Q: 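Take this structure first; my questions come after.
Numbering of residues begins at 1 and proceeds along the displayed sequence. Model, not experiment: these values are computed from the prediction. Both counts, for ligands and for their atoms, begin at 1 and track the order of listing.
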Amino acid sequence: MTVRDTSTAAVQPLGDATPVDAMRDVMNIVMVGHVDHGKSTLVGRLINDIGAMPEGKVEALRAVCKSRGMPFEWGFLMDALQGERDQGVTIDAAHIRFATERRDYAIIDAPGHREFLKNMVTGAASAEAAVLLIDVAEGVREQTRRHAYLLHLLGVHQVAVAISKMDLVDFAQPRFDEVAAECRDYLAAIGIEATAFIPVAARDGDNVVDGSQRMDWYRGPTVVGALDEFDAAPSPVERPLRLPLQAVYRFDDRRILAGRIDTGRLAVGDELLFSPSNKTARVATIENWNGPALSEASAGQSVGITLDEQIFVERGEVASHVEDPPLETNVFRAHLFWLGAKPLVQGQRYKLKLNTTEVPVEVQEIERVIDTRDLGTSEADRVERNGVAEVVLRSPALLPLDEFATNPRGGRFVLVDGYQIAGGGIINMEGYPDQRSLITVMGTNLTEVEHRVPLEARITRNGHRGGVLWFTGLSGSGKSTLAIEVEHRLFRKGYQTYVLDGDNVRAGLNANLGFSPDDRAENIRRVGEVAALFSDAGFIVISAFISPYRADRARAREAAEAYEVGRFHEVYISADLKTCEDRDPKGLYKRARAGEIADFTGVSAPYEPPDAADLEVATEGESVAQSAQHIIDYIERHFVLDPRGAT
Ligand code: GDP
């Protein structure tokens, strides 16, 4: 079993000389600071002095510089090495590795990397610690502040400050103290206490790996010494279990839930809680694609699990243990770093990516925009590129999430504007309750009602069971016509019955929903819940919605069958597309073909027919009366204690 985080497995060693041991822990560090303050030089010198530079590289580049009459720069060397790696598989894997006796290090996002900010913000690169570099002659500058703020924002609180180019001030302590004090003040204001302030002359190697002969007034660690003093982050395996589901596969009658364990561990027999659906089941097996089944698995491993009960859960849910679940909420506060070319605007919608979920969110409020230069805050209704803000985001559905402070992996998210990653941030729930407890309270109340009026009493009084007849089919297949006809006939026979259709639901309950894919899914979800309630009140509910996706219909079945198994009947009202299009009762096909209606089922959006409908009614070549009669016959077979005579 491996307990290592695979995200570091892609790290490339820098040349053969790097004594990197595959089984040791790796600490990800990041070098930040104002442009030209000497980051590349520091990294180049560090790699060289620690003995991790590929052999001959330095000599070769010195020779090139000499022949061109240019001074040698450690930065050129880093650029050259970077260029070589960039031609490899992926830029994101372009980490520089080196080792000390204490541990292995990966310097993520080498200085000058174009994607630096984006990778930091999106979590493509996540650092445990940082070296903040400041040119002693220049002191704290704009990017010094911005980058330091970013460290704060991303929760990188282990920071060593290297004050470099000490040769420019003759290695004098007073100027060093001045810059250190200025930096200390800024860091203190954002809640960072640097572990060390190190006077460095990176170009010459003073206090990088080896101490300096030229600054005997300094008694602290070298840069590498300061790295070794950092604490390693707790292993993700030791954190509470989080397994975001990537996919649910069906094999035979088994459902396999697949995903990568983000943190923690799980074992066969563990009781899992799925959020946000709040369902629980035990792990029956842990499948292993390449070998015999496992008895346990832990952070970093991709697994497929089966459960002891068939519960309906889908991609985007997060499995945890019952004792230590994520929070559930549809509104949360975030510290956000904006990278988008277009500003972030209050009231605007963006796509939120969190774990394996993608959901629309609205920027409910921009609480304050922070000027990283002086940490001044201002009110604004937009955040410009490279701006930092505290915002409140709201999604239509409940999301399982963690605060960044408790879970640095699950507590960060990315915002997408159109198709571009436009920002990222970390979650802070201050002022917002965990809504999971509210759901549980509501569930308890419903159960009490059940106890007072038993199901059987309703069935006996009505003379029939309650249940849901879920009509699905293309527009024009005959759903509404048949629903109205069947309702009419049932009512005349004295049955409790009611039709749910688009008009009576969209006008009220779902008035806040539009026709985007997410809103359509939510529309169907609510109809499923309402139908389930009606069925529990004893009604034969007929719903007439296209409901093109199997997953949505499965969810409606789940809602009804949560009350009683067998209460949901999927009725496929079938007719081929051509027939439906010829009928075109509302003229919608014509408009869709003319491009006036986007995402029209059957024309420009898919229809997934039922795998195994409880009843299929083929309406081609049948009269409405004939089709309705098939449905009445079905109802009398399945719902009725004592069928009543035909009228
Ligand atoms: P970066 O933009 O932060 O990566 O900065 P570089 O590492 O490219 O350095 C910018 C300039 O500062 C280069 O011309 C370096 O030679 C110079 N430099 C870096 N470190 C030192 C140093 O310790 N002393 C002096 N005098 N110059 C340095």
Side-chain angles (χ1 to χ4, degrees), residues 14 29-50 52-53 57-58 61-62 64-66 68-83 85-86 91 94-96 98 107-117 119-120 125 127 130-148 150-151 159-173 175-176 178-180 183 196-215 217-218 220-224 226:
L14 179 72
I29 55 174
V30 65
M31 299 277 179
V32 296
H34 200 85
V35 64
D36 274 348
H37 279 202
K39 294 181 297 294
S40 315
T41 307
L42 178 66
V43 173
R45 190 74 214 206
L46 191 159
I47 297 300
N48 183 69
D49 291 6
I50 214 158
M53 193 64 82
K57 280 277 169 199
V58 178
L61 203 72
R62 275 192 201 281
V64 171
C65 288
K66 195 168 172 201
R68 296 190 188 161
M70 289 167 16
F72 170 80
E73 284 277 0
W74 288 98
F76 296 161
L77 191 67
M78 297 322 293
D79 289 347
L81 291 170
Q82 185 76 51
R85 278 194 310 280
D86 285 355
I91 287 186
H95 300 174
I96 293 169
F98 64 92
I107 302 180
I108 55 176
D109 289 291
H113 201 295
R114 277 179 274 117
E115 302 278 293
F116 167 70
L117 281 180
N119 286 350
M120 283 287 286
V131 175
L132 175 63
L133 200 81
I134 307 177
D135 180 328
V136 70
E138 298 218 353
V140 174
R141 294 285 300 274
E142 186 189 335
Q143 281 173 353
T144 320
R145 292 197 175 91
R146 194 188 292 288
H147 288 179
L150 195 60
L151 296 177
V159 180
V161 178
I163 298 180
S164 192
K165 308 195 192 176
M166 285 299 293
D167 53 301
L168 297 181
V169 296
D170 284 335
F171 305 96
Q173 188 176 359
R175 175 63 189 156
F176 168 81
E178 213 174 279
V179 175
C183 181
F197 289 86
I198 313 158
V200 167
R203 210 178 47 186
D204 306 334
D206 294 66
N207 287 333
V208 176
V209 174
D210 303 317
S212 171
Q213 305 298 320
R214 302 188 282 190
M215 289 177 275
W217 47 268
Y218 176 71
T222 61
V223 171
V224 165

Q: Using the ring of each side chain (for Trp, its six-membered ring), is Phe72 parallel, tilted or perpendicular to Trp74, with breaks at 30° and 60°?
A: perpendicular
Q: Quick check: does Leu42 get an N/O under 3.5 Å from an N/O on ligand 1?
A: no
Q: Within the 4.0 Å heavy-atom shell around Glu73, which atoms of ligand 1 are there?
A: 13 (C), 14 (O), 15 (C), 16 (O)
Q: Which atoms of ligand 1 sit under 4.0 Å from any heavy atom of Leu168?
A: 26 (N)
Q: Are any of the N/O atoms in Asp36 less than 3.5 Å from those in ligand 1?
A: yes
Q: Which ligand 1 atoms are under 4.0 Å away from a heavy-atom of Ala201?
A: 23 (O)
Q: Is any side-chain heavy atom of Asp135 closer than 4.5 Å to one of His34?
A: no
Q: Quick one: are Asn207 and Pro199 in side-chain contact, heavy atoms under 4.5 Å?
A: yes
Q: Between the side chains of Arg145 and Glu142, is the shortest nitrogen-to-carboxylate-oxygen separation below 4.0 Å, so that they form an ion pair?
A: no
Q: For Phe197, which of Ile134, Leu132, Val161 qualifies under side chain to side chain contact (heavy atoms under 4.5 Å, CB included)?
A: Val161
Q: For ligand 1, which part of Lys165 has a heavy atom less than 4.0 Å away: the side chain, the backbone, both, or neither?
A: both
Q: Determine the interplanar angle of the Phe176 and Tyr218 rings, folded into 0 to 90°, and report it as parallel if under 30°, tilted if 30 to 60°, perpendicular if over 60°.
A: perpendicular
Q: Can you tell me if Ser164 has a non-hydrogen atom under 4.0 Å from ligand 1?
A: yes
